[in-house]
Protein chains: 2
Amino acid sequence: MKTPHIPAAADLSLTVVCAALGDPIRMKIVQCLASSGEKNCSGFEVDHISKSTLSHHIKILREAGLIRPRFQGKEHFYSLRTEELNLRFPGLVDMLLTENERAKTVLSV
Amino acid sequence: MKTPHIPAAADLSLTVVCAALGDPIRMKIVQCLASSGEKNCSGFEVDHISKSTLSHHIKILREAGLIRPRFQGKEHFYSLRTEELNLRFPGLVDMLLTENERAKTVLSV
DNA sequence: TCTACAGTTCGAAAAATATCGAATTGTTAA
DNA sequence: TTAACAATTCGATATTTTTCGAACTGTAGA
């Protein structure tokens with residue numbers, strides 16, 4: 001298992017991060033992780049996409065520096081890089097959390 | 001002159017906003033406006049793109065709800081929708097300002 | 001009215017991205 | 001060792017985005 005590249009906090013680019021968040025599936029994954037910690041691929045509540053497509057989106061999020069993998073057996077658990085993101089882009093994670101709450105509220109009202 | 005559509009603060013989508021910011025030219029324009037108020041097309045410090053391409057990027061920023069035009073004579077002045085953005089996505093404009101400062105610092109050191 | 005100017009729109013081409021199924025890697029359990 | 005499973009990678013295709021030049025719109029001044 002070769003460990004994938006995870007950029008350091010200082011190397012993150014806001015443009016690259018925004019591009020990664022600028023896709024509905026990836027935004028969903030990130031908000032999911034922001035609100036409820038660690039999940040593996042089957043835990044993301046995304047619908048009707050193949051596993052190869054999901055893997056592609058995960059790679060983009062990882063390379064942008066938004067998420068971090070943890071390997072346990074045959075599962076890959078992903079989590080948001082909250083501390084690094086708070087350091088490099090203060091307010092971003094809060095924004096994602098707020099947005100996630102808002103999405104729930106707007107739909108349920 | 002037909003007035004272009006400007007979405008209300010409540011209608012802004014974080015995904016759409018991030019997609020708009022996920023392009024280096026558009027990120028540059030937005031940071032430029034965040035740091036120094038109103039500008040027309042010739043005021044954005046972007047290099048080597050045709051005016052039709054610039055116009056295209058401006059349209060995406062406008063439709064995402066990030067910028068607002070003001071028409072004066074033959075010039076179109078654009079500004080960041082700071083108040084609305086602070087209402088809908090608290091922390092976003094600060095992040096853009098911080099990033100703009102950081103870019104200057106990193107380059108000049 | 002004519003011309004110049006600022007900017008947008010149109011249409012086409014190029015480049016990038018998203019998507020999928022099949023093949024592959026690595027892990028665990030039978 | 002074999003099979004099942006989780007996930008990634010590969011190769012191809014479809015879709016979207018970026019980009020440009022040309023044509024167009026609206027404004028101001030000669």
Side-chain angles (χ1 to χ4, degrees), chain A residues 1-7 13 15-30 32-33 37-80, chain B residues 1-7 13 15-30 32-33 37-80:
Chain A
M1 168 75 62
K2 66 166 185 266
T3 304
H5 179 248
I6 307 288
S13 149
T15 305
V16 171
V17 163
C18 285
L21 294 173
D23 174 277
I25 292 174
R26 294 195 291 264
M27 180 60 87
K28 186 88 192 291
I29 293 171
V30 166
C32 181
L33 292 178
E38 208 182 38
K39 291 224 168 100
N40 70 351
C41 283
S42 62
F44 308 136
E45 297 134 16
V46 293
D47 28 30
H48 307 126
I49 63 169
S50 69
K51 57 181 185 168
S52 55
T53 299
L54 182 55
S55 204
H56 162 74
H57 286 305
I58 287 172
K59 184 179 186 182
I60 287 175
L61 291 172
R62 176 174 52 71
E63 289 179 344
L66 284 161
I67 65 175
R68 164 189 33 227
R70 180 176 68 85
F71 306 105
Q72 180 182 301
K74 49 188 170 184
E75 285 173 283
H76 297 194
F77 288 95
Y78 291 95
S79 56
L80 200 67
Chain B
M1 167 76 61
K2 66 165 182 265
T3 304
H5 179 248
I6 306 287
S13 149
T15 305
V16 171
V17 163
C18 285
L21 294 173
D23 174 277
I25 292 174
R26 294 193 293 262
M27 181 59 88
K28 186 87 191 290
I29 293 172
V30 166
C32 181
L33 292 178
E38 208 182 38
K39 291 224 167 99
N40 70 351
C41 283
S42 63
F44 308 136
E45 297 135 15
V46 293
D47 28 31
H48 307 126
I49 62 168
S50 68
K51 58 180 185 168
S52 55
T53 299
L54 183 54
S55 203
H56 162 75
H57 286 305
I58 287 173
K59 184 179 185 182
I60 287 175
L61 290 173
R62 175 174 51 71
E63 290 179 345
L66 284 161
I67 66 175
R68 163 189 36 227
R70 180 176 67 85
F71 306 104
Q72 179 182 299
K74 48 186 168 183
E75 286 173 283
H76 298 194
F77 288 95
Y78 292 95
S79 55
L80 200 66

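Below, each value reflects all heavy atoms present in this structure, side chains not excepted, and no hydrogens, waters or symmetry copies. Chain naming here is simple, since letters A, B, ... match the order of the sequence lines and numbering starts at 1 in each.
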- Message: Output the rounded distance in Å from CD1 (I49(A)) to P (dA7(D)).
- Response: 13 Å

- What residues, two or more places apart in sequence or in another chain, satisfy side chain to side chain donor-acceptor pair (under 3.5 Å) together with H56(B)? none

- In whole angstroms, the gap separating P of dT8(C) from CZ of F77(B) amounts to 13 Å

- Note on the structure: Expected list for residues 55-63 of chain A near DNA chain C, using heavy atoms below 4.0 Å, is H56(A), H57(A), I60(A)

- Query: Are T53(A) and dC20(C) close enough that a side-chain N or O sits under 4.0 Å from OP1 or OP2?
  - Reply: yes

- Please check the phosphate of dT8(D) (OP1 and OP2 only) for any side-chain N or O of Y78(A) closer than 4.0 Å. yes

- Task: Would you please name every residue forming a salt bridge (charged side-chain N to carboxylate O under 4.0 Å, His left out) with E38(B), sequence neighbours left out?
- Result: R70(B)

- Query: Out of curiosity, H57(A) NE2 to D23(A) CG, how far, rounded to the nearest 0.5 Å?
  - Reply: 4.5 Å

- R62(B) side chain to R68(B) main-chain N or O, any donor-acceptor pair under 3.5 Å? no

- Over all heavy atoms of both residues, which pair between V30(B) and L80(B) is shortest? Give the atoms and the distance, please. CG1-CD1, 3.8 Å

With the criterion being N/O to N/O and under 3.5 Å, what pairs connect the protein with nucleotides 3-6 of chain C, and how long is each?
unit_1	atom_1	unit_2	atom_2	d
dA6(C)	O4'	K74(B)	O	3.3

Nucleotide N/O of nucleotides 12-14 of chain D paired with protein N/O under 3.5 Å:
none

- Please lay out, stage by stage, how L61(B) and Y78(B) fare under the test side-chain contact (heavy atoms from CB on, under 4.5 Å). CA-CA 10 Å; L61(B) 290 173; Y78(B) 292 95; over 6 Å; no

- Message: Below 4.0 angstrom, which residues in residues 16-26 of chain A have at least one non-hydrogen atom near DNA chain C?
- Response: D23(A), I25(A), R26(A)

- Item | Interatomic distance, L66(A) atom CG to I60(A) atom CD1 [nearest 0.5 angstrom] | 11.0 Å

- Got a donor-acceptor contact below 3.5 angstrom from the K28(B) side chain to the E45(B) backbone? yes

- Looking only at N and O atoms, is any donor in the side chain of S50(B) or the base of dG21(D) less than 3.5 Å from an acceptor on the other one? no

- Work out which heavy atom in I67(A) is nearest to a heavy atom in I6(A); give both atom names and the distance. O-CD1, 4.2 Å

